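Here the structure is a predicted model, which means the values were calculated and not measured.
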Amino acid sequence: MGLRARTADSLEAVAGLAVEQRRHEHAARLFGAAQALRDRLGLPRPPAVTRQHEADLAEARAALGSAGFSAAWQEGAGLEVDQAVTYAGRGRGPRGQGVGWAALTRAERQVALLASDGLTNREIGAKLFVSPRTVQAHLSNVFAKLGLSSRRDLAREFDSRARSLRSHESPVPAQRDDAGGAEDPEGGVAFLTGRLGG
């Protein structure tokens, strides 16, 4: 989407998650890609995340050893931005990220729903019992898969999908449940179960 500063932040957020999952080589490549992007564009790292970033780097370096960490870092630094984003979206397997609503995981759908309701990353994390960094990583994936660039766009897209679902599937108006999901005629939460389609 051309939001290079946010791309660097998102790559580092996904790298931090990889460290938590002990996927240190994956993390080191993403850290390298993010730093290369920051260096090219002169983008500073937000001070609020510096301490966690340094701790994540130290853990990845300790796990891989200096040579292994350096090799993975250089591989990541050599990636073009689009390649780095694709690599970040691969997760554990070799598959591509996919696009559209159908490509969202259950966790991504939950985060997208709450973000479209105006909740902050911290508030979403509290509701879903995950860290704000996990929320940011999920949101980055949601934006990439849906081709969106902001929470405002996400809210508009969700409202559009919910209206489409109501008009095409049932004459009964959809309601919001306590978690904020659009209910289908059978009472299921359409958005959280992926029934909005792709």
Taking NZ, NE, NH1 and NH2 as the nitrogens, is one of them in Lys127 or Glu123 under 4.0 Å from a carboxylate oxygen of the other? no
If I take atom CG from residue Leu64 and atom CD from residue Glu59, how far apart are they, to the nearest 0.5 angstrom? 10.0 Å
Note: Gly16 and Phe31 closest approach over all heavy atoms is N-CZ, 4.0 Å
Is the number of heavy atoms from other residues, nucleotides or ligands under 6.0 Å of Glu80 CD greater than 12? no
Minimum heavy-atom separation for Ala115 and Arg151, please, with both atom names. CB-NH1, 3.7 Å
Indicate whether any N or O donor in one side chain lies under 3.5 Å from an N or O acceptor in the other, for Ser140 and Gln136. yes
Smallest heavy-atom separation, Leu154 atom then Ala112 atom, equals CD2-O, 3.5 Å
Heavy-atom check, side chain of Val81 versus side chain of Leu37, under 4.5 Å: yes
Which value, rounded to the nearest 0.5 Å, describes the distance between Gln52 atom CD and Arg45 atom CZ? 12.0 Å
Separation between OG1 of Thr105 and CD of Gln110, rounded to the nearest 0.5 Å: 8.5 Å
Anything under 30° is parallel, anything over 60° is perpendicular, the rest tilted; go ahead and classify Tyr87 against His26. tilted
Which atom of Ala88 lies closest to which atom of Val14, heavy atoms considered: O-CG1, 3.9 Å
Arg38 vs Asp9 side-chain heavy atoms within contact, under 4.5 Å: yes
List the atom of Val19, the atom of Ala27, and the distance in Å for their closest heavy-atom pair. CG2-CB, 3.6 Å
With rounding to the nearest 0.5 Å, note down the distance linking CG in Leu128 to OG1 in Thr134. 10.0 Å
What's the shortest heavy-atom distance between Arg61 and Phe69, and which atoms? NH2-CE2, 3.3 Å
Would you say that Val111 contacts Val142 through its side chain, given a criterion of any heavy-atom pair below 4.5 Å between the two side chains? no
Please answer: with hydrophobic residues joined when any side-chain heavy atoms are less than 4.5 Å apart, are Val49 and Leu41 in the same cluster? no
Any donor-acceptor pair under 3.5 Å from Ser116 side chain to Leu113 backbone: yes
When you look at Trp73 and Leu57, which way does the side-chain contact (heavy atoms from CB on, under 4.5 Å) test go after all the steps? CA-CA 10 Å; Trp73 177 283; Leu57 286 177; 3.8 Å; yes
Candidate list His138, Glu20, Glu12, test side-chain hydrogen bond (donor to acceptor under 3.5 Å, both in side chains), partner Arg133, passing option: Glu20
In terms of hydrophobic clustering (I, L, V, M, F, W, Y; side-chain heavy atoms under 4.5 Å; direct or indirect links), are Leu119 and Val130 co-clustered? yes
Any Lys/Arg nitrogen of Asp153 or Arg156 sitting under 4.0 Å from an Asp/Glu carboxylate oxygen of the other? yes
With a 3.5 Å distance limit and no angle check, can you tell me whether Ser70 reaches the backbone of Ser66 through a side-chain donor-acceptor pair? no
Hey, what do you get for NE2 (His24) to CZ (Arg29), rounding to the nearest 0.5 Å? 13.5 Å
Please say whether more than 12 non-hydrogen atoms of neighbouring residues, nucleotides or ligands are located less than 6.0 Å from CZ in Arg22. no
